[in-house]
Amino acid sequence: MELITRLQQQLQTLEERSLIRRRRTVDTPCAPRITVDGRTMLAFCSNDYLGLASHPHIVAALKEGAGLYGAGSGASHLISGHSRAHALLEERLAAFVGVNLESARALYFCTGYMANLAVLTGLAVGDRDTEIFSEALNHASLIDGTRLARVTTRVYPHADLDALAALLAASRAATKIVVTDSVFSMDGDMAPLPELLALCEQHGAWLVVDDAHGFGALGDNGRGALEHFGLHSPNLVYVGTLGKSAGVGGAFVCAHDAVIETLIQKARPYIFTTAAPPAMAHALLASLDIIAGDEGRQRRAHLQALVAQWNAGLQLRHWQPLASTTAIQPVIIGENAAMMDIAACLYQQGLWVGAIRPPTVPVGTARLRVTLSAGHTVQEVEQLINAVNHLERTRHELE
Ligand SMILES: *Cc1c(COP(=O)(O)O)cnc(C)c1O
């Protein structure tokens with residue numbers, strides 16, 4: 001069949017460029033030590049930054065939630081799928097993160113991808129008086145959100161406040177929306193949120209912050225990037241995801257009541273999808289207890305110690321680690337084939353590290369994306385440091 005042949009040719013091209021992606025099958029719960037295709041591995045690639053994905057209290061709460069509410073929600077939130085568990089979770093999230101906002105409410109979503117589509121389309125769709133200002137390294141879900149919003153979108157260079165200020169000053173739009181990741185998912189650095197917020201307040205713009213990698217991990221209480229920087233503003237629209245540090249799944253938007261009500265009324269990614277299983281929301285209540293309590297604080301402190309250990313221990317002359325104080329610690333290799341080869345060498349030694357290629361990152365910047373977790377021990381991080389240092393030395397001696 002000609003249609004199938006065309007697809008096969010496209011896949012062949014990906015293969016030739018070292019761009020084909022393969023999934024590995026994990027047989028055990030998400031944790032540092034896992035079984036992958038029957039083999040025990042030490043993993044440094046999940047976004048389970050606090051090590052909560054297989055926490056016994058959260059697993060027990062998920063089971064309890066299934067007993068209380070059943071397996072599925074049965075319908076979208078606006079029909080009959082909005083359960084008590086969802087409502088309780090939203091109240092808790094609003095009280096937790098909303099201290100940094102004004103008249104805050106929270107809205108729970110099935111995924112962060114959908115939350116981002118909902119915020120950008122809900123606030124902007126089809127409106128000629130709206131402009132979006134989007135940071136160059138934003139996550140794919142924010143990029144897709146701007147596309148679906150169908151309003152004028154201007155992309156400003158990474159962390160370039162002057163460029164953004166000029167764009168905002170030149171804009172005549174009645175509604176201006178600046179949107180950024182808080183922690184950049186493939187680089188690990190943080191957006192200059194205090195300066196961005198000051199600019200937004202000066203120009204009467206919304207600041208949409210995607211805190212997928214900050215919620216739970218940043219701030220003394222785990223409230224995320226806003227707490228980390230001590231930011232308070234009615235201009236903020238906060239998106240937190242709950243499948244990373246929170247260890248379960250889904251996401252939420254926390255913002256002024258008028259924003260949340262607008263999303264409920266208008267955002268298609270919220271309206272036209274089945275509500276997540278209520279048991280997930282119930283499990284997330286247990287996760288929030290841990291994040292906000294002493295155990296969360298201890299886990300964040302341990303994670304920060306591992307980040308410091310990693311940065312102090314790496315001794316690389318050819319590969320380039322990116323400056324990052326977060327759990328995301330990328331090492332730039334450059335070419336796809338070399339990076340895949342290096343990732344495969346580590347894998348053979350029982351170390352599973354994320355291998356990130358274009359189009360996720362710019363061409364020529366293929367990288368190892370090491371993610372650290374409070375679930376790791378000092379010895380485990382030491383093992384990876386030694387393996388990476390040693391591998392670089394042996395590869396470059398061969399050249
Ligand atoms: C993971 C991620 C998302 C998507 O969240 P999901 O809940 O996985 O759909 C959104 N934004 C950023 C920056 C992310 O890293």
Side-chain angles (χ1 to χ4, degrees), residues 21 23 30 45-50 52-53 86 89-90 93 97 106-122 132 134-149 155 158-159 177-191 193 196 207-218 224-226 228 237-255 263 267-270 273-277 280-281 283-284 287-288 291 322 324 326-330 354 356 359-361 367 369-373:
R21 291 153 186 254
R23 302 170 304 168
C30 173
C45 40
S46 86
N47 301 312
D48 180 23
Y49 303 124
L50 295 183
L52 297 184
H86 297 125
L89 176 64
E90 289 178 348
L93 288 167
V97 172
L107 191 64
Y108 178 60
F109 284 81
C110 296
T111 72
Y113 187 94
M114 293 166 75
N116 281 337
L117 295 188
V119 166
L120 293 172
T121 60
I132 296 176
S134 180
E135 145 82 52
L137 294 191
N138 273 347
H139 188 260
S141 56
L142 292 173
I143 297 170
D144 293 355
T146 64
R147 289 176 181 158
L148 270 181
V155 176
H158 181 49
I177 304 170
V178 175
V179 56
T180 184
D181 284 15
S182 58
V183 176
F184 292 92
S185 49
M186 297 303 140
D187 291 55
D189 60 330
M190 295 186 69
L193 288 180
L196 284 173
L207 179 59
V208 176
V209 176
D210 175 353
D211 201 23
H213 303 281
F215 180 75
L218 295 176
L226 304 186
H228 174 85
V237 176
Y238 180 89
V239 182
T241 68
L242 299 167
K244 290 171 179 161
S245 287
V248 183
F252 67 102
V253 178
C254 189
L263 297 185
R268 298 166 66 91
Y270 184 73
T273 194
T274 300
M280 278 175 61
L284 281 161
S287 173
L288 286 178
I291 288 172
L322 293 182
S324 159
T326 67
I328 302 169
Q329 294 288 335
I356 312 291
T360 310
V361 293
R367 63 198 68 181
R369 178 179 182 266
V370 172
T371 48
L372 301 171
S373 162

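Sequential numbering from 1 along the given sequence is applied to the chain's residues. Quick caveat: nothing in here was measured; it's all calculated off a predicted structure. Just so you know, ligand 1 is whichever comes first in the structure, and atom 1 is the first atom listed for that ligand.
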Side-chain contact test, heavy atoms from C-beta onward, threshold under 4.5 Å: evaluate it for Arg268 versus Thr121 and give yes or no.
-> no
Report the residues that fulfil side chain to side chain donor-acceptor pair (under 3.5 Å) with Thr360, sequence neighbours left out, ordered by chain and then residue number.
-> Arg21
Got a second to check how far Thr180's OG1 is from Leu142's CG, nearest 0.5 Å?
-> 8.0 Å
Atom pair OG/OH of Ser141 and Tyr113 - distance to nearest 0.5 Å = 7.0 Å
Under 3.5 Å, sequence neighbours excluded: what are the donor-acceptor pairs made by side chains of residues 181-189?
| from | atom 1 | to | atom 2 | distance (Å) |
| --- | --- | --- | --- | --- |
| Asp181 | OD1 | His139 | N | 3.3 |
| Ser182 | OG | Asp210 | O | 3.3 |
| Ser182 | OG | Asp211 | OD1 | 2.5 |
| Asp187 | OD1 | Arg367 | NH1 | 3.1 |
| Asp189 | OD2 | His158 | NE2 | 2.7 |

Distance filter under 4.0 Å, heavy atoms only, around ligand 1 gives Thr111, Gly112, Tyr113, Asn116, His139, Ser141, Asp181, Ser185, Asp210, Ala212, His213, Thr241, Lys244
Counterpart residues, side chain to side chain contact (heavy atoms under 4.5 Å, CB included), relative to Ala267 (two or more places apart) = Ala118, Leu263, Pro269, Tyr270
